[in-house]
2 protein chains.
Amino acid sequence: MLRLSARTQYALRAAVELAAAPGAPVPAERISAAQHIPRRFLDNILLQLRRAGLINSQRGPDGGYWLARPAAEISLADIILVIEGVTQENDRFPGVSEPLEKVLGALREHQNHLLAEITLAHVAGGSLPDLSR
Amino acid sequence: MLRLSARTQYALRAAVELAAAPGAPVPAERISAAQHIPRRFLDNILLQLRRAGLINSQRGPDGGYWLARPAAEISLADIILVIEGVTQENDRFPGVSEPLEKVLGALREHQNHLLAEITLAHVAGGSLPDLSR
DNA sequence: GATAACCCGACTTATTAAGTAGGAATCAGG
DNA sequence: CCTGATTCCTACTTAATAAGTCGGGTTATC
């Protein structure tokens, strides 16, 4: 079923936190406190997001992190993809069970579609698009 | 993201196999061969399905397993629920990330809805209902 | 040069997944 | 009532993944 690892959820929450504070670098410490994310673990995650080019960072006093693109141009799928990596598994459903592939495929497609629609701006702004589609 | 354990996939495939051979008991050995499922593991899974009341069994020669209800009355969700158990986790999304809860909720709901619609008869018969909803 | 921050790889620990093992119980046919 | 086919059941093993933790290094500002 649908399952997001703690790591992925943390990444999403951290990114939303950045989306909610545009303009100035946000230190990891503040994100950690606001979202209750273990500090060292968060470092780790932010590093991964930065390496993927989704966020930027600045060291030293008044340093911190900020989004590399406008919040409206970063989708939840972007972040999940970075954290979970490409899920390259094509399980075979032999014989009579073969239609199950279509079912799972449709499910994944819908999921990807929806997550690609929703941006950090939507979430941080509290105004989500229609979720029934 | 969407992920079904090997165990769950095996359970689905085994159930479809039963749906495709109504009337007579199907021995585990045949399911194992048709679906390439490790024999002992399959035993284990079928036992779980039986205990949940989804299938029946008969020991001895000409024994085997069969569906406890018509294939049209067993949904994929029924099977997944039995194997994965109730997923009782309500992760908190504090502060600005709170709307993420709605997003994940909507995703899960759509998933459950679709999986509750599709029955073993659909899959075994190869005629799936509209998957775009 | 002190302080505030990020940077980085490696390590640890707990849980879950995926199966395996060994046999006991049951049932049909001869 | 014996044999072989089959299910039933608990427990065990092994590998992978998840979820952090650790120890320090680097960079920037004042």
Side-chain angles (χ1 to χ4, degrees), chain A residues 1-14 17-18 21 24-33 35-68 80 83-89 91, chain B residues 1-14 17-18 21 24-33 35-68 80 83-89 91:
Chain A
M1 302 292 283
L2 178 64
R3 144 129 189 118
L4 293 182
S5 66
R7 188 179 183 86
T8 303
Q9 296 187 24
Y10 289 160
L12 289 171
R13 284 156 53 182
E17 203 69 34
L18 295 185
V26 181
E29 186 58 37
R30 204 149 93 229
I31 302 175
S32 169
Q35 292 292 326
H36 308 111
I37 302 174
R39 178 57 214 283
R40 295 309 272 277
F41 197 17
L42 177 60
D43 272 4
N44 203 310
I45 293 166
L46 290 170
L47 186 60
Q48 190 174 358
L49 292 177
R50 203 217 53 188
R51 282 175 170 159
L54 289 180
I55 66 179
N56 292 126
S57 61
Q58 165 82 23
R59 296 203 255 207
D62 293 319
Y65 300 88
W66 64 95
L67 298 179
I80 293 173
I83 301 295
E84 314 226 309
V86 279
T87 165
Q88 174 70 357
E89 48 174 319
D91 307 294
Chain B
M1 303 293 281
L2 179 63
R3 145 126 189 117
L4 294 182
S5 66
R7 187 179 184 87
T8 303
Q9 295 187 26
Y10 290 160
L12 289 171
R13 284 154 56 181
E17 203 68 34
L18 295 184
V26 181
E29 185 58 40
R30 203 148 94 230
I31 302 176
S32 169
Q35 292 292 324
H36 307 113
I37 304 173
R39 179 56 214 281
R40 294 311 273 277
F41 197 18
L42 177 60
D43 271 7
N44 204 310
I45 294 166
L46 290 170
L47 186 60
Q48 191 175 359
L49 291 178
R50 203 219 51 187
R51 281 175 170 158
L54 290 180
I55 65 179
N56 293 125
S57 61
Q58 165 83 24
R59 295 203 254 207
D62 293 320
Y65 300 87
W66 64 95
L67 298 179
I80 293 172
I83 300 296
E84 315 225 307
V86 280
T87 164
Q88 174 72 357
E89 48 174 320
D91 307 293

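Lettering of chains follows the sequences in order, A, B, ..., and the numbering in each one begins at 1. As a basis for the values below, the full set of heavy atoms in this structure was taken, side chains included, without hydrogen atoms, waters or symmetry mates. Not measured: the values here are computed from a predicted model.
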Student: Determine yes or no for a side-chain-to-main-chain donor-acceptor pair under 3.5 angstrom, with B:Ser57 supplying the side chain and B:Gly64 the backbone.
Tutor: no
Student: What pair of heavy atoms forms the shortest contact from B:Ala14 to B:Leu46, and how long is it?
Tutor: CB-CD2, 4.3 Å
Student: Does the side chain of A:Ser57 get closer than 4.0 angstrom to OP1 or OP2 of C:dC7 through an N or O atom?
Tutor: yes
Student: Is there a donor-acceptor pair closer than 3.5 Å between any side-chain N or O of A:Gln9 and the backbone N or O of A:Leu4?
Tutor: yes
Student: From the options C:dC6, C:dA18, D:dC9, select the nucleotide whose nearest atom is closest to the side chain of B:Arg3.
Tutor: C:dA18
Student: Out of D:dC9, D:dG20, C:dT20, which has the shortest distance to the side chain of B:Pro38?
Tutor: C:dT20
Student: May I have the distance from B:Gln9 (atom CD) to C:dA18 (atom C1'), rounded to whole angstrom?
Tutor: 12 Å
Student: Just to confirm, is there a sub-4.0 Å distance from OP1 or OP2 of D:dT7 to any side-chain nitrogen or oxygen of B:Arg39?
Tutor: yes
Student: Find the distance A:Arg7:CZ to D:dA19:P and express it as a whole number of Å.
Tutor: 10 Å
Student: Take the protein atom CZ of B:Phe41 and the nucleotide atom P of C:dA17, then report the distance between them rounded to whole Å.
Tutor: 10 Å
Student: How many Å lie between CD on B:Gln48 and P on D:dT7, as a whole number?
Tutor: 17 Å
Student: How many Å lie between NE2 on B:His36 and C1' on C:dG19, as a whole number?
Tutor: 18 Å
Student: Looking only at non-hydrogen atoms, find the nearest pair between A:Ile55 and A:Tyr65 and report the distance.
Tutor: CD1-CD2, 3.7 Å
Student: Report yes if at least one side-chain N or O of B:Tyr10 is closer than 4.0 Å to OP1 or OP2 of C:dA17; otherwise report no.
Tutor: no
Student: Specify the separation, in whole Å, of atom CD1 of B:Ile45 and atom P of C:dA17.
Tutor: 12 Å
Student: Any sub-3.5 Å donor-acceptor pair from B:Ser32's side-chain atoms to B:Pro38's backbone N or O?
Tutor: no
Student: Report, as a single string ordered 5' to 3', how protein heavy atoms within less than 4.0 Å touch nucleotides 23-30 of chain C: B base, S sugar-phosphate only, - not at all.
Tutor: B-BBBS--
Student: Do you know which two heavy atoms are closest between B:Ala28 and B:Asp43, and how far apart they sit?
Tutor: CB-OD1, 3.8 Å
Student: Using a cut-off of strictly less than 4.0 Å, decide whether A:Arg50 has a side-chain nitrogen or oxygen near OP1 or OP2 of C:dC7.
Tutor: yes
Student: Which pair of non-hydrogen atoms, one from A:Asn56 and one from A:Leu67, has the smallest distance, and what is that distance?
Tutor: OD1-O, 4.3 Å
Student: Using heavy-atom distances to pick each residue's nearest nucleotide on DNA chain D, tell me which of B:Arg51 and B:Ala28 is more 5'.
Tutor: B:Ala28
Student: Write down the distance between CG (A:Leu42) and C1' (C:dC8), rounded to a whole number of angstrom.
Tutor: 15 Å
Student: From CG of B:Leu49 over to P of D:dT7, roughly how many Å is that when rounded to an integer?
Tutor: 13 Å
Student: Closest-nucleotide mapping onto DNA chain D: is A:Ser5 or B:Gly64 further toward the 5' terminus? I mean the 5' end.
Tutor: B:Gly64
